[in-house]
Amino acid sequence: MFTLKSNLKLTQLVLLLSVLNFLFFHLPFFTFVFTNLDYASWSGVAIVSSLVILMLVLNAFVFFLFFSLSRYLGKFLLVLFFCVNSVAVYFVNTYSVILDESMIGNVLNTKYEEASSFFSFKLIVYFVLFGILPSLYIIKVKIIPVVFKKVMVTTGLTLLFVLILVFANASNWLWIDKNSKTLGGLAMPWSYTVNLSLFYVHQSQKNQKEILLPNATQKDNQKSVVVLVIGESARSQNFSLYGYAKNTNPLLSKIPNVSHFEATSCATYTTAGVKGILEHKDTDELYEILPNYLYRNDVEVIWRTSNWGEPPVHIKNYQGRALLLPNCKGEGCNFDEVLLTGLKKQIRASKKNKILIVLHTSTSHGPTYSQKYPPRFETFKPVCNSVELGKCSHTELINAYDNTIVYTDYILAQIIDDLKQLNEYKSAMIFVSDHGESLGEKNLYMHGIPLSIAPKEQYEIPFIVWVSDNSKQVKPIKTVTQNYVFHSVLNFLGMESPIYDEKMNIFK
């Protein structure tokens with residue numbers, strides 16, 4: 001057993017660091033393994049034993065290569081790994097996230113305002129104990145180098161051993177392959193290093209020029225306006241419109257011409273969820289999204305946002321919170337009500353007959369649910385005020401989240417009230433969330449679990465529609481997807497297009 005000596009042979013140091021890396025950062029990894037495996041069987045024992053050995057050996061081998069290239073490079077990378085690992089494992093333990101490629105995209109699209117809401121004392125403890133203290137030792141320790149011949153022999157023997165172990169487990173490949181995405185998202189530091197590389201590779205592919213859709217034409221001169229509200233982390237099961245026991249929709253439930261559909265999201269994270277709402281079909285290709293398409297075809301398009309993570313929006317009227325704040329009055333300006341500032345006036349000022357307004361909200365985004373609505377909307381009490389959601393009781397957490405739904409209800413009712421006053425327009429309001437949210441069910445919090453294994457809380461979303469008396473009616477459809485938005489908006493605005501799919505239109 002190694003002690004923390006100030007002088008170590010390189011082979012001893014990398015083994016020690018591999019063991020520390022294993023002990024500090026892989027409880028979630030093996031918790032998943034033991035939960036999803038019959039570990040009492042012979043195959044279970046073989047898989048667990050092989051994973052432990054492979055993790056220790058491969059990490060030590062990679063660390064060995066780093067130090068063999070340069071001890072300064074090795075120390076820098078290992079310090080970086082331990083510090084980032086400490087933060088990563090905090091989020092994995094606290095919010096049950098998996099650091100796969102989609103979650104890396106979530107992290108990179110998180111702005112300071114959102115990131116700062118995760119700050120806690122527990123995070124500092126993780127960073128100091130598992131990041132700073134090991135890093136100080138790594139910086140201080142003096143390494144006794146090995147000769148080049150030993151490097152080559154060690155490399156060859158390690159690779160041979162790994163190959164033998166892998167092929168000895170050939171009968172267990174199916175289980176490992178089935179769970180590879182989750183296992184890879186929990187193995188430190190490779191979860192974020194490998195997936196970060198994959199994210200940028202795929203991002204560079206997506207940054208190619210968007211594929212233009214066939215041109216559209218306007219069938220009539222009827223003044224029509226659609227307000228598309230993109231919700232954030234709203235799950236349908238907490239809307240009383242969907243049968244929730246608590247009255248979280250006190251206003252919408254009393255408004256005529258309000259309909260709702262059973263709906264699912266195409267992803268469990270914002271960037272893909274918003275893309276799914278705006279594209280004509282569920283695809284990995286970068287097709288022209290709804291606002292860009294309509295703007296190019298002579299429709300007035302206005303995008304207002306207090307959020308981020310949308311695909312590239314190529315329109316003239318893109319308005320963020322900072323642009324809207326100077327003309328906003330009241331306590332609601334610090335929340336998503338800022339998006340309603342002068343909305344009715346801007347619609348009437350348009351010189352075009354067809355108008356699409358997109359409001360990208362952030363109302364139900366965690367972990368600071370209790371800070372997403374004005375105090376007067378704290379309908380359900382007591383509420384969770386901690387960013388460490390596991391420390392709150394389930395009742396407090398649900399209450400805080402439900403209050404964000406009550407506030408969403410109010411915002412949607414305000415939009416409908418504004419549209420009702422535009423008698424010269426046929427108008428519609430469509431509210432659809434980017435994804436759902438876990439609130440402690442199955443010990444999961446927030447969102448971002450890969451869709452293939454995500455619980456229903458993260459992908460069952462609200463899809464709520466209101467239409468004015470003088471406009472179209474809604475079809476009696478039970479189930480829809482996010483892609484229905486694209487075709488329904490085309491239909492409501494009277495746009496003819498070769499890309500239009502009547503089967504994905506909610507309007508009669």
Side-chain angles (χ1 to χ4, degrees), residues 209-230 257 259 261 263 266 274-283 285-304 310-318 343 346-360 415-416 418-419 422-432 463-475 477 480-508:
K209 190 174 181 180
E210 65 183 4
I211 304 169
L212 297 182
L213 301 175
N215 290 341
T217 56
Q218 298 180 15
K219 291 191 292 187
D220 54 57
N221 294 321
Q222 170 66 51
K223 284 181 172 287
S224 306
V225 57
V226 175
V227 177
L228 169 61
V229 185
I230 299 177
N257 301 340
S259 305
F261 304 94
C266 60
V274 175
K275 180 176 178 286
I277 293 169
L278 300 176
E279 62 188 358
H280 73 288
K281 64 178 181 179
D282 190 9
T283 174
E285 298 291 337
L286 186 62
Y287 282 100
E288 195 172 18
I289 57 173
L290 181 64
N292 299 350
Y293 184 52
L294 292 180
Y295 179 73
R296 185 170 65 82
N297 286 282
D298 203 33
V299 173
E300 178 86 63
V301 180
I302 300 165
W303 185 290
R304 294 182 166 195
E310 68 271 359
V313 179
H314 307 307
I315 64 171
K316 182 180 178 182
N317 254 324
Y318 185 96
L343 187 61
Q346 190 165 19
I347 293 172
R348 283 194 165 134
S350 175
K351 296 179 180 179
K352 297 187 178 180
N353 293 324
K354 311 295 183 182
I355 303 172
L356 170 66
I357 296 171
V358 183
L359 306 180
H360 189 191
I415 294 169
I416 292 170
D418 275 352
L419 292 176
L422 301 171
N423 296 322
E424 65 274 32
Y425 286 89
K426 287 185 176 180
S427 53
M429 186 280 301
I430 301 174
F431 171 77
V432 57
F463 194 120
I464 300 170
V465 181
W466 171 87
V467 290
S468 59
D469 290 331
N470 63 339
S471 62
K472 296 175 179 286
Q473 298 303 304
V474 174
K475 292 178 182 177
I477 305 172
V480 299
T481 66
Q482 290 174 322
N483 300 132
Y484 275 61
V485 170
F486 187 100
H487 303 278
S488 300
V489 171
L490 287 187
N491 179 280
F492 193 90
L493 294 179
M495 304 295 292
E496 283 188 334
S497 167
I499 208 71
Y500 172 72
D501 186 349
E502 172 61 28
K503 293 178 183 177
M504 301 180 78
N505 164 44
I506 64 170
F507 296 113
K508 292 181 181 178

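This one's a predicted model, so the numbers in the text were calculated from it and none came from an experiment.
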*Ignoring hydrogens and geometry, is there a side-chain-to-backbone donor-acceptor pair from R296 to H314 under 3.5 Å?*
no
*Flag the pair L343 / R304 as yes when at least one side-chain heavy-atom distance between them is below 4.5 Å, and no otherwise.*
yes
_Could you check whether any side-chain heavy atom of D501 comes within less than 4.5 Å of a side-chain heavy atom of H487, counting everything from C-beta outward?_
yes
_Donor-acceptor check, side chain of N483 to backbone of G276, threshold 3.5 angstrom: yes or no?_
yes
*Looking at K475 and E502, what are the two nearest heavy atoms and their distance?*
NZ-OE2, 2.6 Å
_The test is side chain to side chain contact (heavy atoms under 4.5 Å, CB included); show your working for L359 and I415 and say whether it passes._
CA-CA 10 Å; L359 306 180; I415 294 169; 3.6 Å; yes
*How many angstroms lie between CD1 in I416 and CZ in F431, if you round to the nearest 0.5 Å?*
11.5 Å
*Is there a donor-acceptor pair closer than 3.5 Å between any side-chain N or O of Q218 and the backbone N or O of D298?*
yes
*Roughly how far apart are I211 CD1 and L286 CG, rounded to 0.5 Å?*
7.0 Å
_Smallest separation among heavy atoms of E424 and R348, with atom names_ = OE2-NE, 3.5 Å
*Within the distance-only criterion (no hydrogens, no angle test), does the side chain of E288 pair as donor or acceptor with the backbone N or O of L213 below 3.5 angstrom?*
yes
_Pair Y484-I430, side chain to side chain contact (heavy atoms under 4.5 Å, CB included): steps then yes or no_ = CA-CA 11 Å; Y484 275 61; I430 301 174; over 6 Å; no
_Residues D220, K354: salt bridge by 4.0 Å N-O rule_ = yes
*Would you please name every residue forming a side-chain hydrogen bond (donor to acceptor under 3.5 Å, both in side chains) with N470, sequence neighbours left out?*
S468
*asked:* Are more than 12 heavy atoms, taken from residues, nucleotides or ligands other than K316, located less than 6.0 Å from that residue's NZ atom?
replied: no
_Student check: side-chain heavy atoms of M504 and T481 closer than 4.5 Å_ = yes
*Any idea which heavy atoms bring N215 and P498 closest together, and the distance?*
O-CD, 3.5 Å
*Hey, does V485 have a side-chain heavy atom less than 4.5 Å from the side chain of F463?*
yes
_Taking every non-hydrogen atom, the tightest pair across V480 and I506_ = CG1-CG2, 4.2 Å
_Pairwise distance CG(L419) to CD1(I357) - rounded to 0.5 angstrom_ = 7.5 Å
*State, yes or no, whether a side-chain contact exists between I315 and L294 at a heavy-atom distance under 4.5 Å.*
no
*asked:* List the residues meeting salt bridge (Lys or Arg N to Asp or Glu O under 4.0 Å) with E279, not counting sequence neighbours, and say none if there are none.
replied: K275
*Could you please spell out the steps behind the side chain to side chain contact (heavy atoms under 4.5 Å, CB included) verdict for V474 and S259?*
CA-CA 8 Å; V474 174; S259 305; 4.0 Å; yes
*Just say parallel, tilted or perpendicular for the rings of Y293 and F486, cut-offs at 30° and 60°.*
parallel
*asked:* Quick one, I289 and P311 - any side-chain contact, counting heavy atoms below 4.5 Å?
replied: yes
*Just by distance, do the side chain of Y425 and the backbone of I347 share a donor-acceptor pair under 3.5 Å?*
yes
_Name the residue from V274, I277, V313 that meets the side chain to side chain contact (heavy atoms under 4.5 Å, CB included) definition with H360._
V274
_Closest non-hydrogen atom pair, D282 against C266_ = OD2-CB, 3.8 Å
_Can you list everything that forms a side-chain contact (heavy atoms from CB on, under 4.5 Å) with N317? Sequence neighbours excluded, please._
E300, I302, Q319, Q346
*Hey, could you give me the OG/CD distance between S471 and Q222, rounded to the nearest 0.5 Å?*
9.0 Å
*asked:* Taking N505's backbone N and O only, do any of them form a donor-acceptor pair with N491's side chain (distance below 3.5 Å, no angle check)?
replied: no
_Minimal non-hydrogen separation, N292 against E210, with atom names_ = ND2-OE1, 3.3 Å
*Between CG on residue L356 and CG on residue L490, distance to nearest 0.5 Å*: 10.0 Å
*According to the interplanar angle, ranging from 0 to 90°, do the rings of F507 and F492 count as parallel (below 30°), tilted (30 to 60°) or perpendicular (above 60°)?*
tilted
